[in-house]
Amino acid sequence: MGEIATKVLVLGGGPGGYVAAIRAGQHHLDTVLVEESRLGGTCLNVGCIPSKALIHAAEAYSQARHQEAGNAFGLSVGSPALDFGKTLAWKEGIVRRLNTGVAALLKRSRVNILRGHGTMLDGKTCRVETDTGPETIRAEHVVIATGSEPMALPALPFGGKVISSTEALSLLAVPASMAVVGAGYIGLELGIAFAKLGAKVTVVEAASRILPLYDAELTRPVARRMQALGIEVLLGAKAEGLSEGGALRVSASGGLEEIEAERILVAVGRAPRTAGWGLERLDLTMRERFIAIDERCATSMRNVWAIGDVTGEPMLAHRAMAQGEMVADILAGKRRAFHKVAIPAVCFTDPEIVSAGLSPEEAKATGIEVKTGLFPFQANGRAMTLESEDGFVRVTARADNHLVLGIQAVGAGVSELAASFGLALEMGARLEDVAGTIHAHPTLGEAFHEASLKTLGEALHI
Ligand code: FAD
Ligand code: NAD
């Protein structure tokens, strides 16, 4: 049995863990990263990246099919065909390139990558089952980055036709029909993609509207598009289990209903990975199911840090990465705290949704007097040339000093606006700052400029 002494041990090589390890290595801290599976975690292997690849392929195929009958600008194409095997291979190729890239970055930072399942024996010691036998690591600092896993419904356990996002991203063929339980991020991103690939999709959502974490105004264009794609949506409906014949049993206001589907994708949230690695041997304070952390990602145990999905919402890759980078800086002696004005969120539905900072309702709920301005893409030249006029940019600011509090957008391609929304909020922009910034023409970003002008009562193009 080998023994390694190190300054920093990172348990888990997802976006949180690998970024923490790279930065720690860059700071010349002796660092060991323990990962039992492929580098990059959920995000790179079975999450963000493969889902966006599938969404892109589905959109390209759906666009081509849409052009068969000819379109407004005169393009018509023959009958398109999709070799789904090639789609999967292409997606896998992207994942492999990124796996290799992460390994190279870690190596360049002189991080020692230990492959195998890690179990904490106490707050400083981890036993790793590697291919060549167990290794024991003793570390001054431990960063827990074990991430999350799909949450199962007790009445609808995973197996057979009931699948999680992980299996949905690796199906060998497009199913003829798919029932999706949960109209959250995963259910809608993947449900819309499979509908575009040709599956008959039915979405079952317990809440009274789709994407309940966003406000109704923001999600309306997505609901419209889903209807146009022929996706059936059952709201206020709960998945209750399978019938004897294997149909999905759903209880809704109208009573019990059965939905026949070749596959049932359960996407009702993700659970923090807190079992199977010795958490019970650590004296960590928990916050509900998650490891409790303070603004420095410190846990209740000295020199034990936690980052990413295992620490709670929002379970987003860029939050995990920002936390990982910060913890490594702290271990190198820098004074840092996680005081971000906003963690932008993007939902890669059709159309896409971006939200940074407070929604108008959330801003009002703080008791401050606010102003909101909305600029529709129908009045944006670039959106017209892209045939994507459904959607808008909406800005909310304090009424007294015009400090921008929140920015949301829905529309084709708006995910790329997340950067400017985040920057504006983080830099404490006022409406006048956005209004006084030249936004290149013709771009979708001009709608941010115009929404800010409109909030000031000075709109030009509406
Ligand atoms: P994870 O990525 O879950 O990584 C944890 C790692 O730890 C894993 O590699 C695991 O193998 C390893 N590990 C755990 N325990 C041990 C152990 N005992 N020993 C050794 N190794 C261990 N987020 C976005 O921001 N944008 C998106 O577009 C997006 N799309 C998504 C799409 C899907 C389908 C899914 C499922 C998620 C998506 N997410 C997205 C969420 C994102 O994937 C997570 O927020 C992110 O991966 C969290 O990073 P993490 O480092 O905390 O954990
Ligand atoms: P989610 O929390 O986004 O949505 C789950 C949905 O399921 C909710 O709308 C909930 O009301 C519904 N639900 C719960 N129980 C139900 C039941 N019994 N019957 C019917 N509906 C039910 O969860 P998710 O879609 O599984 O995604 C998990 C996490 O992964 C997200 O919270 C997010 O942090 C992350 N993610 C992010 C992105 C992105 O950033 N673009 C993409 C995918 C996943």
Side-chain angles (χ1 to χ4, degrees), residues 10-20 33-52 54-55 114-120 126 128-129 144-151 153-156 164-166 168-169 180-191 203-214 234-241 248 250-252 265-279 306-321 323-324 343-349 352-354 415:
V10 182
L11 185 63
Y18 87 70
V19 167
L33 174 70
V34 178
E35 173 54 61
E36 64 185 340
S37 180
R38 284 153 62 172
L39 289 170
T42 304
C43 177
L44 205 159
N45 296 293
V46 292
C48 327
I49 298 298
S51 63
K52 268 78 247 180
L54 194 76
I55 287 166
L114 210 54
R115 303 283 187 161
H117 182 79
T119 306
M120 296 306 298
C126 181
V128 184
E129 308 301 329
I144 297 167
T146 50
S148 64
E149 54 204 4
M151 206 148 74
L153 285 173
L156 209 57
S164 74
S165 55
T166 303
L169 289 168
V180 176
V181 181
Y185 277 99
I186 295 178
L188 290 198
E189 287 189 4
L190 296 186
V203 177
V204 176
E205 167 58 50
S208 58
R209 53 192 183 78
I210 59 164
L211 289 171
L213 76 161
Y214 296 123
L234 304 179
L235 297 172
K238 273 190 128 170
E240 301 287 357
L248 176 67
V250 174
S251 66
L265 166 61
V266 174
V268 294
R270 291 180 61 83
R273 206 177 281 118
T274 47
W277 53 262
L279 173 76
I307 56 176
D309 284 8
V310 75
T311 65
E313 299 283 354
M315 290 197 198
L316 297 173
H318 41 280
R319 169 178 172 266
M321 292 192 224
Q323 289 177 323
I343 302 173
V346 176
C347 193
F348 292 83
T349 38
E352 294 170 346
I353 294 177
V354 187
S415 53

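When a ligand or atom number is given, it counts from 1 through the structure's own listing order.
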### Task
List every atom of ligand 2 that sits less than 4.0 Å from any heavy atom of V346, numbering the atoms from 1 in the order shown and giving each element.
39 (C), 40 (O), 41 (N)

### Message
Under 3.5 Å between any N/O of A183 and any N/O of ligand 2: does that happen in this structure?
### Response
no

### Query
Would you say P314 contacts ligand 2, with heavy atoms under 4.0 Å as the rule?
no

### Task
Consider ligand 1: state whether an atom of it lies below 4.0 angstrom from any non-hydrogen atom of N45.
no

### Message
Tell me the contacting part of R273 for ligand 1: side chain, backbone, both, or neither, using a 4.0 Å heavy-atom threshold, strictly below.
### Response
side chain

### Task
Record the part of A145 in heavy-atom contact with ligand 1 below 4.0 Å; permitted values are side chain, backbone, both and neither.
backbone

### Message
Quick check: A207 and ligand 2, any N/O pair under 3.5 Å apart?
### Response
no

### A317 and ligand 2 - part of the residue with a heavy-atom distance under 4.0 Å
neither

### Task
Measure from atom 12 (C) of ligand 2 to every heavy atom in K238, E205, K52 and give the option owning the shortest one.
E205

### Summary
Any heavy atom of T166 under 4.0 Å from ligand 1? The part involved is neither

### Message
I want to know if ligand 1 touches G16 in the polar sense, i.e. an N/O pair below 3.5 angstrom.
### Response
yes

### Query
Applying a 4.0 Å heavy-atom criterion (strictly less than), which segment of L153 is in contact with ligand 2: side chain, backbone, both, or neither?
side chain

### Message
Give the atom numbers and elements of ligand 2 that come within less than 4.0 Å of a heavy atom of V204.
### Response
20 (C), 21 (N)

### Message
Residue-level breakdown please: for I186 versus ligand 2, do any non-hydrogen atoms fall below 4.0 Å on the side chain, on the backbone, on both, or on neither?
### Response
both

### Task
Give a yes/no on ligand 1: does G116 have at least one heavy atom closer than 4.0 angstrom to it?
yes

### Query
Taking the minimum heavy-atom distance to atom 49 (O) of ligand 1, which of P15, S148, G308 ranks first?
P15

### Query
Does A237 come within less than 4.0 angstrom of ligand 2, counting non-hydrogen atoms of the residue?
yes

### Query
Could a heavy atom of R270 be found less than 4.0 Å from some atom of ligand 1?
yes

### Summary
So the atoms of ligand 2 within less than 4.0 Å of a heavy atom of M315 turn out to be 33 (C), 34 (O), 35 (C)

### Query
Where's the contact between S51 and ligand 1, heavy-atom distance under 4.0 Å: side chain, backbone, both or neither?
side chain

#### Entry: Residue part near ligand 1, for K52, under 4.0 Å between non-hydrogen atoms
side chain

### Message
Can you report which non-hydrogen protein atom sits closest to atom 3 (O) of ligand 1, along with the distance?
### Response
T42 OG1, 2.6 Å

### Sub-4.0 Å atoms of ligand 2 with respect to non-hydrogen atoms of P212
9 (O)

### Summary
Among non-hydrogen protein atoms, atom 19 (N) of ligand 1 lies closest to G118 N, 2.9 Å

### Message
So if I count the atoms of ligand 2 from 1 in the order they appear, which ones are less than 4.0 Å from some heavy atom of E189?
### Response
39 (C), 41 (N), 42 (C)

### Query
How close does the nearest protein non-hydrogen atom get to atom 32 (C) of ligand 1, and which residue and atom is it?
G47 C, 3.4 Å

### Task
State the atoms of ligand 2, each with its element, that fall below the 4.0 Å cut-off from a heavy-atom position in A239.
19 (N)

### Query
Considering only heavy atoms of L316, which atoms of ligand 2 have at least one such atom less than 4.0 Å away?
37 (C), 40 (O)

### Query
Can an N or O of E35 be found at a distance shorter than 3.5 Å from an N or O of ligand 1?
yes

### Query
Can you find an N/O atom of C43 closer than 3.5 Å to an N/O atom of ligand 1?
yes

### Message
Less than 4.0 Å is my threshold; does some heavy atom of A345 fall inside it relative to ligand 2?
### Response
no

### Message
Under a 4.0 angstrom heavy-atom cut-off, which atoms of ligand 2 come close to G182?
### Response
6 (C), 7 (O), 12 (C), 21 (N)

### Message
Taking distance alone, with N or O pairs closer than 3.5 Å, would you say C347 contacts ligand 2?
### Response
no

### Message
Below 4.0 Å, non-hydrogen atoms only: which portion of F348 touches ligand 1? Side chain, backbone, both or neither.
### Response
side chain

